[in-house]
Amino acid sequence: QVQLVESGGGLVQAGGSLRLSCAASGSIFNINAMGWFRQAPGKQREFVARITSGGGTNHVDSVKGRFTISRDNAKNTVYLQMNSLKPEDTAVYYCAASGRPYLSTDTADYWGQGTQVTVSS
């Protein structure tokens, strides 16, 4: 079993930055891809970014150039650096992990509890 714990959320003004972290513990040898999803009020949970154990990354178009996912394999931790934040980025951000080198809302094996990100105008 794997436990994922997110941190780093909070309130920030538009144009500001936040850095989210997700620490994995437990049977971490099962993990390949790790990433982030978000869910705004009244909306479906959506994919944001993922990174494989080998370092390959993917970001949804709406955050490309603003968000950067990274990973510290030694610490079993994934990060999401969020710059140039917009009010539209306001959501609960969830960390997720998969034993395969891909990640989706349907195929993620593990989920964190989520951390709130609020961007004011």
Side-chain angles (χ1 to χ4, degrees):
Q1 189 65 31
V2 172
Q3 183 177 9
L4 305 175
V5 179
E6 305 100 329
S7 62
L11 175 64
V12 65
Q13 293 188 15
S17 298
L18 286 173
R19 191 190 194 198
L20 306 183
S21 64
C22 173
S25 62
S27 301
I28 55 177
F29 59 88
N30 291 328
I31 296 174
N32 189 315
M34 294 184 68
W36 296 91
F37 296 78
R38 65 186 181 185
Q39 187 166 21
K43 294 187 177 181
Q44 296 270 313
R45 187 172 299 186
E46 68 171 343
F47 169 81
V48 177
R50 69 105 175 99
I51 185 168
T52 67
S53 61
T57 63
N58 187 46
H59 300 75
V60 69
D61 287 346
S62 61
V63 307
K64 286 181 178 177
R66 300 189 298 120
F67 293 7
T68 303
I69 191 169
S70 62
R71 183 170 183 166
D72 186 337
N73 287 328
K75 295 182 178 180
N76 302 304
T77 301
V78 66
Y79 305 93
L80 187 68
Q81 179 66 48
M82 305 186 295
N83 299 325
S84 301
L85 282 161
K86 304 175 180 179
E88 305 91 89
D89 296 317
T90 295
V92 177
Y93 283 70
Y94 296 92
C95 182
S98 172
R100 297 178 181 271
Y102 58 87
L103 193 65
S104 73
T105 55
D106 294 328
T107 61
D109 296 308
Y110 309 101
W111 292 93
Q113 294 288 343
T115 185
Q116 177 71 46
V117 172
T118 302
V119 184
S120 62
S121 61

Does Arg66 come within less than 4.0 Å of Asp89, counting only side-chain N to carboxylate O?
yes
Hey, what do you get for CG (Leu18) to OG1 (Thr118), rounding to the nearest 0.5 Å?
9.5 Å
Return the set of residues passing side chain to side chain contact (heavy atoms under 4.5 Å, CB included) with Ala96 (not counting sequence neighbours), or none when no residue passes.
Phe37, Leu103, Ala108, Trp111
Report yes if the side chains of Val48 and Val63 come closer than 4.5 Å at any heavy-atom pair, otherwise no.
yes
Separation of Gln1 CD from Ser27 OG (nearest 0.5 Å)
7.5 Å
Drop me the distance from Ser7's OG to Arg19's CZ, to the nearest 0.5 angstrom.
10.0 Å
Starting at OH of Tyr110, measure out to OG of Ser98 and round the result to the nearest 0.5 Å.
9.0 Å
Treating Asn32 as the side-chain partner and Thr52 as the backbone partner, does any N or O pair qualify as donor plus acceptor under 3.5 Å?
no
Could you tell me whether the side chain of Val78 reaches within less than 4.5 Å of the side chain of Trp36, counting heavy atoms only?
yes
Side chains of Asn58 and Tyr102: does their closest heavy-atom pair fall under 4.5 Å?
no
Give the minimum heavy-atom separation between Arg50 and Gly56, together with the two atoms involved.
NH1-O, 3.1 Å
For Ala24, the side chain to side chain contact (heavy atoms under 4.5 Å, CB included) test, sequence neighbours excluded, returns Val2, Leu4, Ile28, Ile31, Met34, Asn76
Can you name the nearest heavy-atom pair linking Lys75 to Thr77, along with the distance?
O-OG1, 2.9 Å
Is it true that Asp61 and Lys64 make a salt bridge, defined as a side-chain N closer than 4.0 Å to a carboxylate O?
yes
Least distance between heavy atoms, Val119 atom then Thr90 atom
N-OG1, 2.9 Å
Side-chain touch Tyr94/Gln39, heavy atoms, less than 4.5 angstrom:
yes
Considering all heavy atoms of both residues, which atom of Leu80 and which atom of Ala49 are nearest to each other, and what is their separation?
CD1-CB, 4.3 Å
What pairs with Tyr79 under ring-ring contact (aromatic ring centres under 6.0 Å, His included), at least two apart in sequence or on another chain?
none
Just by distance, no angles: are the side chains of Asn83 and Ser17 close enough, under 3.5 Å, to form a donor-acceptor pair?
yes
Looking at every heavy atom in both Ser62 and Arg38, which two are closest together, and how far apart are they?
OG-NH2, 3.6 Å
Partners meeting side chain to side chain contact (heavy atoms under 4.5 Å, CB included) with Gln113 (sequence neighbours left out):
Glu6
Restricting to ring-ring contact (aromatic ring centres under 6.0 Å, His included), what partner residues turn up for Tyr93, sequence neighbours left out?
none
Between His59 (side chain only) and Ile69 (backbone N and O only), is there a donor and an acceptor less than 3.5 Å apart?
yes
Would you name the heavy atoms of Ser121 and Ala14 that are closest together and state the gap between them?
CA-CB, 4.3 Å
Can you list everything that forms a side chain to side chain contact (heavy atoms under 4.5 Å, CB included) with Ser104? Sequence neighbours excluded, please.
Asp106, Thr107
